[in-house]
Amino acid sequence: MNSRTTGHAPDPVIVVGSGIAGMLTAIRAAAHGDVVLVTKGDPAHGSTRYAQGGIAAAMGDDDSPDKHAADTLAAGAGICDPEAVRITTQEGPRRIAELMRLGVAFDREHGRLALGREAAHGEHRIVHAGGDATGAGVVAALLEVVRRDPRIAIAEHETALRLLVRNGAVTGLETAGPDGVSRVRTARAVVLATGGSGQLYARTTNPAGATGDGVALAAAAGAAVADLEMVQFHPTALAIGPSPLQLVSEAVRGEGAYLRDARGHRFMLDVHPLAELGPRDVVARAVASTSLRDGRDVTLDLSHLDPARVLERFPNIAAACAEHGLDLARDPIPVTPAAHYAIGGVLADMSGRTTLPGLYAVGECASTGLHGANRLASNSLLEGAVMAVRAADDIRRGGEAWFALPPRPVRDPAGGGTPNPGAADRIREVMWRHAGLERDEAGLVTAAGLLDRLGTPPDHETRAMARTARLMVAAAAYRRESRGAHFRTDHPRARPELAHRIAWLGGEPFALTPARPVRRHIPAATRAKEAA
Ligand code: FAD
Ligand code: SIN
């Protein structure tokens with residue numbers, strides 16, 4: 001029972017996750033009541049801390065939110081939600097100003113914000129901090145504010161296990177502390193800000209902990225999820241050492257670095273008019289196929305650039321390369337694609353509301369439609385900041401669910417409980433091989449079978465991985481076309497009848513169109529036609 005039903009002092013807002021989305025939600029919500037910030041590791045741990053390139057926002061004199069929106073829509077390959085794009089790009093500059101007020105020191109040049117450029121952005125609009133240490137700067141500043149705020153209690157090293165659902169609404173959260181003891185808290189609202197799912201893949205840039213927990217928690221509670229087939233692979237992770245791999249930011253190509261094959265040829269010139277700054281999925285597939293053809297990694301070449309500028313702009317990437325005996329400014333740097341960003345997630349509207357009353361989702365774990373089928377670089381920190389504020393404000397207003405759809409929980413296959421220490425690695429191999437950069441029907445059927453055979457892994461994190469992986473494979477199998485980040489070798493072209501987002505509730509697909517986001521359940525006859 002929560003305070004809505006007892007009339008006692010209001011329950012806290014529970015925020016799950018301490019990246020940009022979670023911390024900013026907590027800070028904003030704490031202005032109006034108590035907040036518990038639950039995070040499964042050290043509070044500074046999450047993808048946010050590792051972000052390099054920066055945050056996209058129309059801050060330049062020649063730029064505008066409309067131009068930013070146009071680039072975002074173009075990257076999204078026809079299925080962005082235009083309203084999500086409009087709101088996010090318009091509110092971007094205000095959120096950058098707010099981050100500065102909260103203590104983030106963005107880099108400056110001649111007294112003004114220094115603006116970088118990344119692939120598929122038509123303008124210089126990426127604010128960054130510490131050169132290539134944007135995420136670390138954001139986390140340090142926000143964490144200081146969170147720690148100072150007496151209304152925010154941080155429950156660190158505590159993992160969210162299960163959402164409590166009562167009469168069709170989320171009323172609280174069950175967690176497990178570092179000692180494994182479970183704890184139940186009631187909440188005014190629960191906000192999922194659990195980040196992405198790169199750790200479902202054998203090669204990823206995402207830190208440990210990016211295991212798709214938000215999608216698993218929401219789906220088990222009966223909330224809708226969307227766009228899970230859309231996984232963005234970054235073209236240039238350092239191809240040395242175990243996963244997670246060091247990212248070599250797109251900003252490095254933005255500064256003019258070349259990609260070369262084994263013969264030293266700039267192969268991207270043959271692939272796309274924008275060469276190294278072509279769309280991320282195109283560059284990632286070209287890097288993968290060129291490495292496969294040559295039998296060795298492709299390399300990034302910065303040797304024609306000013307070495308002093310390279311080291312000043314990318315100190316952390318240079319240091320990571322130096323650990324492997326490589327000089328970023330002079331040596332060929334071996335790179336590989338790696339799973340980088342979960343475009344899909346828990347279906348949420350532009351207030352962060354999910355299909356379950358009392359449950360919100362913000363940041364990378366949510367799917368608002370901003371990214372469509374392909375995220376524009378540096379739009380995710382922006383989305384986290386914009387949606388955190390909007391969700392916290394909605395909770396203050398006492399917002400209800402977007403389209404209170406009755407919960408329809410997904411069920412895990414039976415057969416779990418057997419200790420299976422290799423299950424997490426098995427999932428990573430299956431997903432990399434069969435649901436990676438390129439997919440086809442046979443591979444996805446194989447993946448579904450292999451994942452089902454895992455049953456229900458005994459530990460919470462691997463269980464979440466398995467559940468999210470199954471949902472992603474089902475979504476990839478359903479979308480029989482290629483669009484943006486989702487490339488099907490057996491259906492290499494986009495199909496106009498699939499030019500919409502697809503949500504899933506209790507294992508059933510829904511078409512999402514901007515005009516009527518959730519209502520249109522895909523009738524069985526249409527489903528058969530779309531699946532043909
Ligand atoms: P995260 O920062 O990932 O935080 C998730 C939090 O949830 C963590 O605290 C985690 O411990 C917690 N959590 C997860 N599951 C549970 C659970 N069950 N219980 C409790 N806590 C849980 N984007 C950009 O816009 N610009 C960039 O330059 C950029 N560079 C990137 C570089 C790298 C190497 C990576 C990996 C990503 C990059 N991205 C970039 C993407 C961006 O960093 C992420 O999309 C963004 O930081 C996600 O923020 P978030 O708050 O949603 O999640
Ligand atoms: C990068 O710096 O290349 C990553 C930027 C992003 O993923 O948005």
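Read the numbers this way: they start at 1 and go in the same order the structure lists the ligands and their atoms.
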**Asked** Do His68 and Val85 touch side chain to side chain, with heavy atoms closer than 4.5 Å?
**Response** no
**Asked** Should the pair Arg285 and Phe487 be classed as cation-pi, given the thresholds of under 6.0 Å to the six-membered ring centre and 45° from the axis?
**Response** yes
**Request:** Taking only heavy atoms of Ser378 into account, list the atoms of ligand 2 that are under 4.0 Å away from them.
**Result:** 6 (C), 8 (O)
**Request:** Provide the number and element of each atom of ligand 2 under 4.0 Å from a heavy atom of Gly53.
**Result:** 2 (O)
**Option from Glu364, His234, His371 for which side chain to side chain donor-acceptor pair (under 3.5 Å) with Tyr341 holds** = His371
**Complete:** Exactly one candidate in Gln52, Arg280, His121 meets side chain to side chain donor-acceptor pair (under 3.5 Å) with Glu250; the answer is Arg280
At a non-hydrogen distance cut-off of under 4.0 Å, which region of [X] contacts ligand 1 (side chain, backbone, both, or neither)?
{"X": "Thr48", "answer": "both"}
{"X": "Met23", "answer": "neither"}
{"X": "Glu250", "answer": "neither"}
{"X": "His460", "answer": "neither"}
{"X": "Leu247", "answer": "side chain"}
{"X": "Ala193", "answer": "backbone"}

**Request:** Among Glu461, Glu158, Glu156, find the residue that satisfies the salt bridge (Lys or Arg N to Asp or Glu O under 4.0 Å) test when tested with Lys40.
**Result:** Glu461
**Prompt:** Side chain, backbone, both or neither: which part of Leu247 has a heavy atom under 4.0 Å from ligand 2?
**Reply:** side chain
**Prompt:** Quick check: are there more than 12 heavy atoms from other residues, nucleotides or ligands sitting under 6.0 Å from CZ of Arg112?
**Reply:** no
Report yes if some N/O of [X] lies less than 3.5 Å from some N/O of ligand 1; otherwise report no.
{"X": "Gly46", "answer": "no"}
{"X": "Leu382", "answer": "no"}
{"X": "Asn206", "answer": "no"}

Just jot down the ligand 1 atoms closer than 4.0 angstrom to any heavy atom of [X], in number order.
{"X": "Tyr341", "value": "45 (O)"}
{"X": "Tyr50", "value": "32 (C), 33 (C), 34 (C)"}
{"X": "Ala160", "value": "17 (C), 18 (N), 19 (N), 20 (C)"}

Give the residue and atom name of whichever protein heavy atom lies nearest to [atom], and the separation in Å to one decimal.
{"atom": "atom 51 (O) of ligand 1", "result": "Ala21 N, 3.0 Å"}
{"atom": "atom 44 (C) of ligand 1", "result": "Glu364 OE1, 3.2 Å"}
{"atom": "atom 21 (N) of ligand 1", "result": "Lys40 N, 3.0 Å"}
{"atom": "atom 8 (C) of ligand 1", "result": "His45 O, 3.3 Å"}
{"atom": "atom 7 (O) of ligand 1", "result": "Gly17 CA, 3.2 Å"}
{"atom": "atom 53 (O) of ligand 1", "result": "Gly195 CA, 3.3 Å"}
{"atom": "atom 18 (N) of ligand 1", "result": "Asp213 OD2, 2.8 Å"}
{"atom": "atom 23 (N) of ligand 1", "result": "Ser380 OG, 2.7 Å"}

**Prompt:** Just how far is it from atom CG of Asp393 to atom CZ of Arg28, taken to the nearest 0.5 Å?
**Reply:** 4.5 Å
**Asked** Can you tell me how far the CD atom of Gln246 sits from the CG atom of Leu238, to the nearest 0.5 Å?
**Response** 6.5 Å
So, [X] and [Y], do they make that salt bridge, N to O below 4.0 Å?
{"X": "Arg188", "Y": "Asp11", "answer": "no"}
{"X": "Glu91", "Y": "Arg390", "answer": "yes"}
{"X": "Arg253", "Y": "Glu118", "answer": "no"}

**Message:** Below 4.0 Å from ligand 2: does a non-hydrogen atom of Arg253 turn up there or not?
**Reply:** no
Which one of [options] has a non-hydrogen atom at the shortest distance from [atom]?
{"atom": "atom 26 (N) of ligand 1", "options": "Gly54, Gly53, Pro43, Ala342", "result": "Gly54"}
{"atom": "atom 7 (O) of ligand 2", "options": "His234, Glu250, His128, Arg375", "result": "Arg375"}
{"atom": "atom 35 (C) of ligand 1", "options": "Glu118, Glu383, His340", "result": "His340"}

**Request:** Anything under 30° is parallel, anything over 60° is perpendicular, the rest tilted; go ahead and classify Tyr258 against His304.
**Result:** parallel
**Message:** Regarding ligand 2, does Gln52 bring an N or O atom to under 3.5 Å of one of the ligand's N or O atoms?
**Reply:** no
**Request:** Please say whether Leu376 places an N or O atom under 3.5 Å from an N or O atom belonging to ligand 2.
**Result:** no
